[in-house]
Every structure is written in C-alpha cells, then in structure tokens.
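Keep in mind that what you see is a predicted model, and the values were worked out from it rather than measured. Heavy-atom basis, side chains included; hydrogens, waters and symmetry copies ignored.
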There are 2 protein chains.
Amino acid sequence: MGSLLELQKQLLPELMDVMKKRYTILHHIKLNGTVGRRTLAHSVHMTERMLRSEVDILKQQGLLDTNSSGMHISIAGEELLEGLEPYIRELFDLTDLAERIRSHFGLKEVIIVPGNSDDSILAKKELGRAGAAALRKVVQPNDVIAVAGGSTMAGIADSLIASAAFRGTWFLPARGGLGEHVELQANSIASTMAKRTGGQYRLLHVPDHLSEEAYQSLIQEPNIRELIAIIRKARIVVHGIGDAMVMATRRNVDVSVKDSLAQEGALAEAFGYYFDNSGSVVHNIPTVGLRLEDIRETELVIGVAGGRSKGEAIAAVLRFGHEDILVTDEAAAEQILNYLS
Amino acid sequence: MGSLLELQKQLLPELMDVMKKRYTILHHIKLNGTVGRRTLAHSVHMTERMLRSEVDILKQQGLLDTNSSGMHISIAGEELLEGLEPYIRELFDLTDLAERIRSHFGLKEVIIVPGNSDDSILAKKELGRAGAAALRKVVQPNDVIAVAGGSTMAGIADSLIASAAFRGTWFLPARGGLGEHVELQANSIASTMAKRTGGQYRLLHVPDHLSEEAYQSLIQEPNIRELIAIIRKARIVVHGIGDAMVMATRRNVDVSVKDSLAQEGALAEAFGYYFDNSGSVVHNIPTVGLRLEDIRETELVIGVAGGRSKGEAIAAVLRFGHEDILVTDEAAAEQILNYLS
DNA sequence: TTATGTGGGACGGATAACGTCCAGCAGATA
DNA sequence: TATCTGCTGGACGTTATCCGTCCCACATAA
C-alpha cells in the first residue's frame with residue numbers, strides 16, 4: 001500500500017490499462033527496431049485502428065518517430081521505457097500471473113487482486129469487489145444466477161451495487177441448506193444480492209439432517225420442484241471454494257463422513273461437492289439444487305476464492321475443468337502456480 | 001526527471017487531468033462531509049452529468065458512498081487522499097501558477113511546462129512542444145497564421161507535425177527581415193512550419209537597412225502590398241518574447257538606437273516592438289508587416305517564451321495587454337509572479 | 001517492372017459520453 | 001400530518017468520439 005501506482009489503480013483504474021497498453025506498444029517498437037503498423041498490431045494483439053490511435057498519441061508526445069519504412073523509438077522514448085522499468089513490474093505482475101493460470105486451465109478469464117485474503121481483511125474486501133465487478137460485467141438482462149454460500153460470496157454480495165445491468169435478474173441459491181451459519185448460507189446471499197442490486201430472488205428452504213422419507217416427500221412438492229428446475233437452468237453460477245476439511249468441520253458433518261473424506265483425499269469443496277487433488281468428486285452432501293451435470297452445462301461458472309491457504313483447493317477445483325472465470329488474489333495465485341510445477 | 005509522475009505525463013498526458021479532476025472531487029466531498037451532486041458540481045465547476053460519470057467510477061472503486069442525503073467519502077477514500085498528498089503538490093503546482101498568471105493578466109489560457117529553458121535544452125524542447133500543441137489546439141481550417149522569428153519559434157516549428165487540422169493553413173511571417181540569422185527569421189520559420197504541417201506559406205522578403213526611398217518603393221510593389229494585407233488580417237499571431245538589449249545586440253542595431261532604447265527603459269522585445277516595464281511601446285524597428293494596431297485586432301495572440309531570465313520581459317509584454325495565450329516554463333512563471341508582488 | 005510493405009487520409013457506422021428531464025425517496029419544515 | 005426541498009438513480013435523445021474499413025502515394029526489395 002502507499003505506492004503511487006497502488007493509489008492510481010484505485011483512483012484511475014482505466015488509465016492503468018492504457019498505461020500497460022502504451023508501454024507494451026513502445027516496448028515492442030523498441031525491440032523490433034523499425035516496424036510497421038500492421039505487423040505491430042498483430043504482435044500486440046490489437047486491431048490496426050486501435051493501435052494507430054495509440055501510436056498517434058505516442059508520436060505526438062515525441063516518444064516515437066515515423067518514416068516511410070516504419071516506426072521507431074525516439075531517444076525520449078527509450079529514456080521513458082528505462083525510467084518506467086521499476087514500475088512496470090508492479091503494473092504487470094498480476095496480469096502475468098493471471099494469464100499463466102488462465103492458459104494452463106483453459107479458463108475464459110482470470111482476475112487477480114493484490115494481497116493475501118488470509119492475512120488482510122482489505123484484500124478480502126478487494127476480492128469481493130473484484131467478484132462483484134466480474135459478475136456485473138457478464139450479467140445480461142433477465143439472467144438467472146445461482147449463487148453458493150460462504151464468506152467470500154457474502155463479500156461479493158456486500159460489494160454489489162444497484163445497476164440497470166441487474167434489472168430483472170434472478171438470484172437463486174445454488175443448493176439447499178448446507179449447515180452453515182445463516183448469514184453465509186446461499187439463501188441469505190441470494191437475497192442480499194437481489195436486494196442490493198435491485199434484482200429478484202427466491203429461497204430454497206431445505207432443512208438440514210432430514211430423514212430420507214421427509215427429504216423425498218419435500219422434493220416432490222410442486223413449488224420446490226419448479227424452483228429447482230429453474231436453478232438447474234441458471235446461465236451463471238457463482239461460488240466460493242473452500243478447504244475440504246475446514247468446510248466439513250464448519251458444517252458439522254458426521255465424524256464417519258469426515259473420516260471417509262480424509263481417506264478419499266478430499267481437498268476442496270465447492271457448491272456442496274468435495275474434490276480430490278485430481279479434480280475428481282469424492283463426496284457430495286445430500287441436498288437439493290444444482291447437480292454436477294448442471295454445472296457441466298452451465299454457460300458461465302464463476303469461482304471466487306483467495307488466500308494462500310486456499311491455493312491447493314482452488315487448483316483442485318480448476319482441475320475439475322468446468323470453471324470459466326476465476327477471481328482470486330495474489331497469494332492464492334502464486335500458490336496455484338506452485339502446485340503446477 | 002524520473003519520478004513516476006513525470007514519466008506518466010509523457011506516456012499518458014490525459015492522466016494528469018483525470019487525476020486532478022478525481023482528486024478534486026474526492027477532496028471536496030471530504031471537506032463537505034456530505035454533499036449533493038448539484039451542489040458539488042457547482043463548486044468544482046463541472047456540469048452535473050460529467051461529475052456524475054466521475055462519481056460513478058469513484059463509487060464503484062469504493063472511494064465514496066452514497067445515500068439518500070448525499071455523497072460522503074469512505075474510509076478507503078480518506079486513505080487514498082492521504083496517500084496521494086505528497087504527489088498532489090507536484091500535480092497541481094504548475095496549473096496553480098498558470099491560473100494566477102492567467103487571472104492577473106486576464107489571459108485566455110496559460111500553459112506552463114516544467115523546468116527552466118535557460119539551463120536545460122530539454123525544457124526548451126518541451127516549451128516548443130507545448131507551443132506546437134497550443135497552436136494545434138486552436139487552429140481552424142484555412143486559418144492565416146502570422147509567425148514571428150526567434151529560437152523559441154524555431155523550436156515550435158520543429159515540434160509541429162502533419163495533421164488534418166492544418167489543412168489549408170497559411171503560415172506567413174509577421175514582419176520582414178529583422179536582422180537575425182536566417183534560420184531564426186520569421187520567413188524561414190513560416191516555411192518550416194508549413195512544410196512540417198502540410199500547410200502553405202509565402203515569404204516576405206524585405207532586406208535590412210534599406211534607404212527610405214527604396215523602402216517606400218518596395219512596399220508599393222503590388223504583390224508585396226497584397227501579402228502585407230493578408231498578414232494584417234491573420235486570425236492567429238504566434239511570437240516569442242526576448243530581452244530588449246539582447247535582441248538589439250543580436251540584430252546589430254545602431255549604437256545610437258541602443259542608447260535610446262536603454263534610456264527609454266526598453267525591457268522586452270516582441271514581433272519587432274520594444275516594450276518598457278509598463279507594457280508601453282518605446283521603439284519599433286522599421287520594417288513591414290504586422291503593426292501594433294493589427295495586433296490589437298488579432299483574434300488570438302499566442303506568446304511563447306521561457307527561462308528565468310525572460311521573466312521580466314514576459315511580464316512587460318503581458319502588461320501591453322493584447323496577449324491571449326501564454327506558453328512559458330516554470331522558472332519564467334515564478335519570475336513573472338515575483339514581479340507582481 | 002512487380003509485389004509487398006510502409007504511413008497517412010477519408011468516411012460511415014457503432015458506441016460511449018453528455019445534456020436534460022423526471023421519478024421516487026428521505027428528511028426537514030411548517 | 002402535509003408540504004417542500006434536495007438527494008440519488010433511471011431514461012432518453014443528441015452529440016462527439018472512436019474504430020473498422022478501404023484506399024492512396026510512396027519506398028523498398030525482388
């Protein structure tokens with residue numbers, strides 16, 4: 001905290017992207033010596049026109065020159081790159097981490113916020129904000145969003161704000177009661193999210209520890225059946241990721257179940273399922289709502305989790321292979337990459 | 001040189017403005033405690049809608065909160081302002097200087113670049129670039145621009161670049177030969193500017209040290225008369241400002257003239273006229289082109305000059321009272337303000 | 001010569017920004 | 001309690017800007 005760049009990331013988030021873009025362009029030009037617009041556009045993954053706008057500015061700033069054989073960096077441009085070097089790492093580190101995780105697991109997008117949610121409540125809040133921003137970015141009118149429980153999900157809910165984007169959105173709990181504290185249950189979170197954004201919600205009240213008969217008769221109830229059907233067709237699923245044993249304890253599962261989880265190598269928990277380190281499901285808590293086959297069909301699965309201690313668990317869930325967007329923090333991201341090598 | 005802000009000014013010129021704007025908004029909100037959009041818009045001199053866009057971003061960044069009684073700063077916002085404090089001075093100093101000069105002399109705009117052109121060739125180049133940018137900003141299609149001579153004007157010419165904005169622009173020398181080196185004469189500069197921007201130019205060849213008869217017959221020449229008529233109707237005049245004695249020496253004026261200049265308290269020189277410290281004209285070099293009465297009629301007079309040593313001269317010309325835009329550097333600006341108090 | 005690259009100009013359509021107006025709400029005031 | 005004022009947030013049409021697209025003149029190499 002406290003460096004100018006950190007402050008600017010808060011005050012001017014969009015300009016940091018511009019800064020990266022211009023730096024990248026100038027850097028490429030320096031490396032290539034003399035290079036043409038079309039060639040350069042291809043190598044920095046921009047359209048020719050967008051590159052051109054940026055190049056015009058850089059030229060006007062005297063950072064590069066052009067002649068009929070292409071663009072080349074000016075002395076002022078070289079000095080600028082040199083001076084910028086110590087800051088650039090800070091600017092790019094996270095996006096670099098994100099790209100490595102993204103490509104390794106074949107995700108659509110990976111967002112990494114600075115810090116470690118384990119130590120810092122600020123980083124945890126930042127994670128919530130990033131999760132909220134990611135959700136806001138992908139939501140479409142009249143979407144159905146299934147949300148899981150957990151403290152991270154609660155953090156996202158707290159960072160959501162009312163917006164026209166959420167007009168008519170339905171927030172539904174991904175699964176029934178899973179034995180957590182009431183404010184961390186999916187039901188509460190769905191309701192909070194709906195209230196904060198101006199969307200709508202419905203609750204899925206399935207008490208814990210039901211007898212098999214009671215359970216069977218409950219899920220035959222027409223209104224519950226109907227709600228479950230809607231949940232299973234959610235376009236977006238948002239969920240946290242937990243350590244398997246921590247979650248089992250928090251949910252007061254039977255000792256026998258915990259033993260079997262341990263034996264089967266359960267590492268991670270997400271939306272009520274337990275995963276081992278290969279990403280295979282080793283156990284699931286019997287309740288109603290989203291099933292694994294629904295997750296496989298879901299258009300957008302957004303996982304949000306941070307903290308160094310969660311790295312292994314996140315990696316396990318990513319190996320499961322049905323995540324689309326991951327929102328995490330720096331510490332967890334580093335840990336994830338450690339587990340890969 | 002080398003501070004991150006200095007580097008960012010080069011790479012992201014627009015960053016400074018956005019940063020100032022958002023800082024100002026947040027700062028005002030902090031000072032007011034809770035304040036409404038309209039009230040705030042008025043006190044930071046923005047339209048309500050523009051303010052709203054900025055506020056939405058700040059809100060999304062968690063730097064301020066809103067409720068039905070107005071906006072107030074969040075804890076994160078307060079921390080940000082605190083962290084930003086050491087940088088803000090660097091950010092605002094120059095604009096603050098500029099505003100004081102602008103309002104004191106009733107100018108349209110004052111642009112100040114960092115540094116001192118007397119010591120640093122880099123500052124001099126920066127002055128040229130700023131002058132070119134200022135010109136580019138105000139030029140309109142088919143404009144007639146009268147340009148004076150001098151090294152600063154040459155610096156502007158070197159920083160101009162081709163642009164559709166200069167399509168059809170005419171660059172003309174403000175006055176005939178004034179005894180300087182050829183590359184610093186208005187004629188050369190007009191031609192350079194035209195060539196670099198893609199505009200057009202015409203030259204006014206009036207040899208120095210003509211006899212009165214030759215002079216009279218020369219200015220009766222039809223093509224010269226016509227050109228002079230165009231020059232006198234220029235919408236824009238761009239000129240440097242020099243120290244009176246330095247300019248007199250450089251132009252090899254007679255010793256008798258220099259003596260009378262000294263006696264009359266000549267301090268500054270601009271477009272061939274000499275000014276004393278009250279801004280009155282005490283002498284002018286006999287050549288053809290723009291006259292004082294033309295300057296008074298000109299829509300936009302742009303003065304460009306920098307360096308601590310020029311402060312007094314600039315102040316004198318500003319007192320003359322017909323400048324619209326001043327482009328100078330930090331050292332000269334400080335000096336100008338010294339002369340006011 | 002031809003082929004392929006270059007920067008720069010031109011222009012229309014998409015898109016974001018902005019001015020403007022209004023609804024709904026909360027707290028203050030009469 | 002009723003009224004009023006100032007607040008936010010939504011809506012919408014207009015404007016300005018950005019960007020995709022196409023073209024041209026020119027330089028260079030084959």
Side-chain angles (χ1 to χ4, degrees), chain A residues 13-15 17-18 21-22 25 28-29 32-60 62-74 136-137 139 141 160-169 195-199, chain B residues 13-14 17-18 21-22 25 28-29 32-60 63-74 136-137 140-141 160-169 195-199:
Chain A
E14 76 280 21
L15 284 181
D17 292 334
V18 178
K21 192 163 49 174
R22 298 210 180 138
I25 293 172
H28 267 79
I29 293 178
N32 284 37
T34 296
V35 63
R37 214 198 305 139
R38 282 168 267 267
T39 314
L40 182 60
H42 187 259
S43 72
V44 296
H45 303 104
M46 285 193 208
T47 65
E48 189 189 329
R49 193 60 180 79
M50 287 173 83
L51 176 77
R52 191 170 161 183
S53 307
E54 298 299 334
V55 162
D56 283 347
I57 295 170
L58 293 176
K59 187 163 48 181
Q60 202 143 127
L63 300 174
L64 58 87
D65 296 323
T66 59
N67 58 30
S68 61
S69 66
M71 305 172 284
H72 57 273
I73 194 164
S74 71
R136 180 195 169 87
K137 193 174 149 194
V139 75
L160 281 168
I161 54 169
S163 153
F166 288 108
R167 170 71 42 87
T169 302
K195 283 172 190 161
R196 289 192 63 90
T197 57
Chain B
E14 72 273 29
D17 293 329
V18 179
K21 192 162 49 175
R22 298 206 181 142
I25 293 172
H28 267 79
I29 293 178
N32 285 38
T34 296
V35 63
R37 218 194 306 144
R38 280 169 271 270
T39 316
L40 183 60
H42 187 259
S43 71
V44 296
H45 303 103
M46 285 195 208
T47 65
E48 192 188 327
R49 193 61 181 79
M50 285 173 83
L51 176 76
R52 192 171 161 181
S53 308
E54 298 298 334
V55 162
D56 284 346
I57 296 170
L58 295 176
K59 188 163 47 181
Q60 203 142 127
L63 300 174
L64 58 86
D65 296 322
T66 59
N67 58 31
S68 62
S69 66
M71 306 171 282
H72 56 273
I73 194 164
S74 71
R136 179 194 169 87
K137 192 173 149 195
Q140 291 172 8
L160 281 168
I161 55 169
S163 154
F166 289 107
R167 170 72 41 87
T169 301
K195 283 172 191 159
R196 290 192 61 90
T197 57

Starting at atom CD1 of B/I57, determine the distance to atom P of C/dA16, rounded to an integer number of angstrom. 14 Å

Backbone of A/G70 reached by a side-chain donor or acceptor of A/N67 within 3.5 Å: yes

At under 4.0 Å, does any side-chain N or O of A/T47 touch on OP1 or OP2 of D/dG20? yes

Closest heavy-atom pair and its distance - A/L58, A/R22: CD2-CD, 4.0 Å

Between A/H72 (NE2) and C/dG5 (P), how many Å, whole number? 21 Å

Contact summary for A/M71 and A/V55, nearest pair of heavy atoms: SD-CG1, 3.5 Å

Gap between atoms NZ and P, on A/K21 and D/dC18 respectively (whole Å): 11 Å

I'd like to know if A/R38 reaches the base of C/dT4 with its side chain such that a donor and an acceptor end up less than 3.5 angstrom apart. no

In B/S/- notation (B base, S sugar-phosphate only, - none; protein heavy atoms under 4.0 Å), nucleotides 24-30 of chain C written 5' to 3' is --S----

B/K59 side-chain N/O to D/dT8 phosphate OP1/OP2 under 4.0 Å: no

What's B/V35 touching, base or sugar-phosphate or nothing? Going by heavy atoms closer than 4.0 Å. sugar-phosphate

Integer-rounded Å distance: C/dT6 P and A/L64 CG: 15 Å

CA sep, side-chain torsions, deciding dist, call: A/R37, A/L40, side chain to side chain contact (heavy atoms under 4.5 Å, CB included): CA-CA 5 Å; A/R37 214 198 305 139; A/L40 182 60; 5.9 Å; no

What is the distance, to the nearest angstrom, from the CG atom on A/D56 to the P atom on D/dT17? 15 Å

More 5' along DNA chain C: A/R49 or A/G70, using each one's nearest nucleotide? A/G70

Name the closest nucleotide to the A/T66 side chain, picking from C/dC18, D/dT8, C/dG8. C/dG8

Closest heavy-atom pair, B/L160 versus B/R196, reported as atoms and distance to 0.1 Å, is O-NE, 2.9 Å

For A/L40 and C/dG7, what is the distance between atoms CG and P respectively, to the nearest whole Å? 9 Å

What is the minimum heavy-atom distance between B/Q140 and B/T169, and which atoms define it? O-OG1, 4.3 Å

Interatomic distance, B/E54 CD vs C/dA16 P [rounded to whole Å]: 17 Å

Checking B/N32 now: which residues fulfil side chain to side chain contact (heavy atoms under 4.5 Å, CB included) with it, not counting sequence neighbours? B/V35

Name the residue closer to the 5' end of DNA chain D, choosing between B/R52 and A/R37 according to the nucleotide with the nearest heavy atom. B/R52

Rounding to a whole Å, what distance do you find between A/N67:CG and C/dG7:P? 9 Å

